[in-house]
Protein chains: 2
Amino acid sequence: MLRAPKGFQMPGSKLTMEFKHQATVTLAEVAEAAGVGESTVSRVLRNHGSFSGRTRERVMAAVQRLGYVPNRIAGTLASTGSRLVAFVIPSLSNIVFSDVLRGASAVLEENRYQAVFSVTDYDPGKEEALATAMLAWRPAAVMLAGYEHTDGTTKMLRASGCRVVELLDLDGDALDIAVGFSNRAAGRESAAFLLRRGYRRIGYVGHDLNRDTRAGKRFSSFCDTLDANGTPLIAREILADASSVENGKQGLERLLARATDLDAVYFSNDDMALGGYFHCLARGIAIPSQLAIFGYNGLDIGRAIPQPLSTIRTPRVATGQTAAQLVVANAPPQAIDLGFELIEGATA
Amino acid sequence: MLRAPKGFQMPGSKLTMEFKHQATVTLAEVAEAAGVGESTVSRVLRNHGSFSGRTRERVMAAVQRLGYVPNRIAGTLASTGSRLVAFVIPSLSNIVFSDVLRGASAVLEENRYQAVFSVTDYDPGKEEALATAMLAWRPAAVMLAGYEHTDGTTKMLRASGCRVVELLDLDGDALDIAVGFSNRAAGRESAAFLLRRGYRRIGYVGHDLNRDTRAGKRFSSFCDTLDANGTPLIAREILADASSVENGKQGLERLLARATDLDAVYFSNDDMALGGYFHCLARGIAIPSQLAIFGYNGLDIGRAIPQPLSTIRTPRVATGQTAAQLVVANAPPQAIDLGFELIEGATA
DNA sequence: CTCCCTTTTGGCAGCGCTGCCAACTGCGGA
DNA sequence: TCCGCAGTTGGCAGCGCTGCCAAAAGGGAG
């Protein structure tokens, strides 16, 4: 622990002085040390423009010797476009968004872009505030979840001149680029699958739909499909807070207390479905003969439980990757449907 | 989809011109529109220094009218310190790190700091490269996992003059600030617990220890404790890649094939332990009478399975929060031990 | 040896903002 | 009436880098 806290100067200390010096090597100093002009150093470091091999070596030697780290803040200000990509995501607890970040960050890193993020907690107002804060960094792109934004957010993004990518939803009008899949189709196919399997007395266990609008879209299409079949949803149990295994467990327990004769339950996602699965395990409810369970997301853990979970696998990592690729390539506005995969599993 | 892709000019298009204009409102333009000087606008917007109420209103009106969004890049360059905090984390699949990010980002957002991150995949070389890239943004702080860095990384961080926070480990020498708990203590207490419970024929299922050095520390202390008791580890199964439920399942299967008479198994973390748990469920191995299972992390899902998982709960979110608070407060170098909690559960 | 063209190089004006400092405005007290 | 002070305000020099342009340095060909 040798460092002094910032703002605290060890008076006359050699250490502090070296330290300060180290922290502030500039391009101009490198240029001087290498005996070349500033722009030459800049060209060499960015490998852009032309310069001789000898010059290159001298510059690199000086960089090495001085421990120069370029200042991207200055670089970004001086040049036109930044290499920042801003993520404004609803949550970091939900694996969906960390998967998206994971996919995107790999691609961004390869292309020397830098990811910055902030978390809205599914609050559109906070989304607007955070998006504004993000725009202040003049990112190359802003990545958001879905289409449901405040008017202010929309207007601001449109006016910002930076690319906008809306992720994980395709049921709506894109501002610029959209990458994901249709949540409505997912809900529809989930219902169709359960009907195909012969289930008719179907219930739903979900989490806060006002906030997670994508889950809301799945649910409403799910219900529409059941209605169209003449076998509407029998009962629902919606928990106020975020999705979790524990909530799924409690939700199913409450649902079954009210509706005793269900033959299948659709969960808002796999976390909830796993909770339901564990509830059945603990209570000795036979799956799927006594009760079928269907989830959404296709988490790995769903495949590792004794009976693989029936669910829909969503391309979360690929969504992040694709979004990042489009941004890096500065692709024209478009909507990309990555689809999803229904996994039959053993629970429905 | 009205926007034209960047670099493509719609010739003579009014739309494009407006667009360009919108994207580039500067402080100077606001100043002119409000009929005040630039520094006055700056003062009002940052609420710093003194100005009259009337001035404030005129400035805010102009800001509103023009849709001005301050340029933080320029602001950061002009002032001394940045409000960026850089995270260089091993993985985003491991919930540990998204929990840390979650805790930190909440605190950072409150204080108008901005989080940027990149992912090393547990590769120290990549860590060095990414840390360098991060320093180029002149962050207020760099947050890293643990103490194991390359010499290059260490040297660079020391020279950088920005705060360094090492997270989730306390067994080593901190560069500056450290926040977390002792992984060695966690391994030790896990072993002591199993011994206390009467288990003597103990095995281990883990994931790549060269890369996840914190898991390695836990494991080595675990073994030391068993050795000290005169009941050394009987068998181990170490999977080459990252931890996952599936790997835990396979690992336990292989371990039991080789060592038939184990009475307890220690897993490198809860994901792995859950895999082991599911393996036992599927094979009808009675827990804990036939085989005890012990994990690490204290994930929520471990509490929701029929028999709550015996494990150690780590303060992941609190680690992120505390780290962020220290950075925001520009606290002096220190190491903070947040401890951990042993959860007895029902599996051991 | 000169000319012309290509490659390499340096100078310097910003990028948009902040921080410093000087100047201005009132206003009460001498 | 003038002075001094606190509260306001504007001007302007950078922050460290990039992009443009002009200048210098080769390198054949004539």
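Order of the sequence lines fixes the chain letters, A, B, ..., with proteins taken first and strands second; residue numbering starts at 1 for each chain.
A donor and an acceptor atom, one from each side chain of B:His149 and B:Glu128, are nowhere located under 3.5 Å apart.
The list of salt bridge (charged side-chain N to carboxylate O under 4.0 Å, His left out) pairs with a residue in residues 101-116 of chain B, not counting sequence neighbours, reads B:Asp99-B:Arg102. Sorted by first and then second residue, the salt bridge (charged side-chain N to carboxylate O under 4.0 Å, His left out) pairs involving residues 51-73 of chain B (not counting sequence neighbours) form an empty list.
Remark: the backbone N or O of B:Glu38 is not paired with any side-chain donor or acceptor of B:Ser42 at under 3.5 angstrom. Here the side chain of A:Asn111 pairs no donor or acceptor atom with the backbone of A:Tyr113 at under 3.5 angstrom.
Residues that satisfy the side-chain hydrogen bond (donor to acceptor under 3.5 Å, both in side chains) test with A:Ser39, not counting sequence neighbours, are absent from this structure. With sequence neighbours left out, A:Asp121 forms a salt bridge (charged side-chain N to carboxylate O under 4.0 Å, His left out) with A:Lys126.
Taking atom CG on B:Asn71 and atom C1' on C:dC15, their separation rounds to 8 Å, with Å as the unit. Put simply, CZ on A:Phe51 is 11 Å from C1' on C:dT8, counting in whole angstrom units. Between B:Arg72 atom CZ and C:dT18 atom C1' there is a gap of 14 Å when expressed in whole angstrom units. Separating the CD atom of A:Glu57 from the P atom of C:dT9 is a distance of 12 Å, rounded to the nearest angstrom. Atom CG of A:Leu45 and atom P of D:dT18 are 8 Å apart (whole Å). Here the P atom of nucleotide C:dG16 and the CG atom of B:Leu66 are 15 Å apart, to the nearest Å. To the nearest angstrom, P of C:dC17 lies 11 Å from CD1 of B:Ile73.
No engagement by A:Thr76 is indicated, since no non-hydrogen atom pair under 4.0 Å with the nucleic acid exists.
Contacts with DNA chain D (heavy atom under 4.0 Å) in residues 128-135 of chain A: none are found.
The phosphate of C:dT8 has neither OP1 nor OP2 within less than 4.0 Å of any side-chain N or O from A:Thr55. Here A:Thr40 does not reach the OP1 or OP2 of C:dT8: none of its side-chain N or O atoms lies under 4.0 Å away.
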Provide a list of protein-nucleic acid N or O atom pairs under 3.5 angstrom, restricted to nucleotides 19-26 of chain C.
unit_1 : atom_1 : unit_2  : atom_2 : d
C:dG19 : OP2    : B:Arg46 : NH1    : 2.7

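Annotation: of the two residues near DNA chain D, B:Leu77 and B:Ser50, the 5′-most nearest-nucleotide partner is B:Ser50.
Among C:dC17, C:dG16, C:dG10, the nucleotide with an atom closest to any side-chain atom of B:Leu27 is C:dC17.
At a threshold of 4.5 Å between non-hydrogen side-chain atoms, the residues A:Leu168 and A:Phe97 count as touching.
The two residues B:Val179 and B:Thr319 come nearest to each other via the heavy atoms O-CG2, 3.6 Å.
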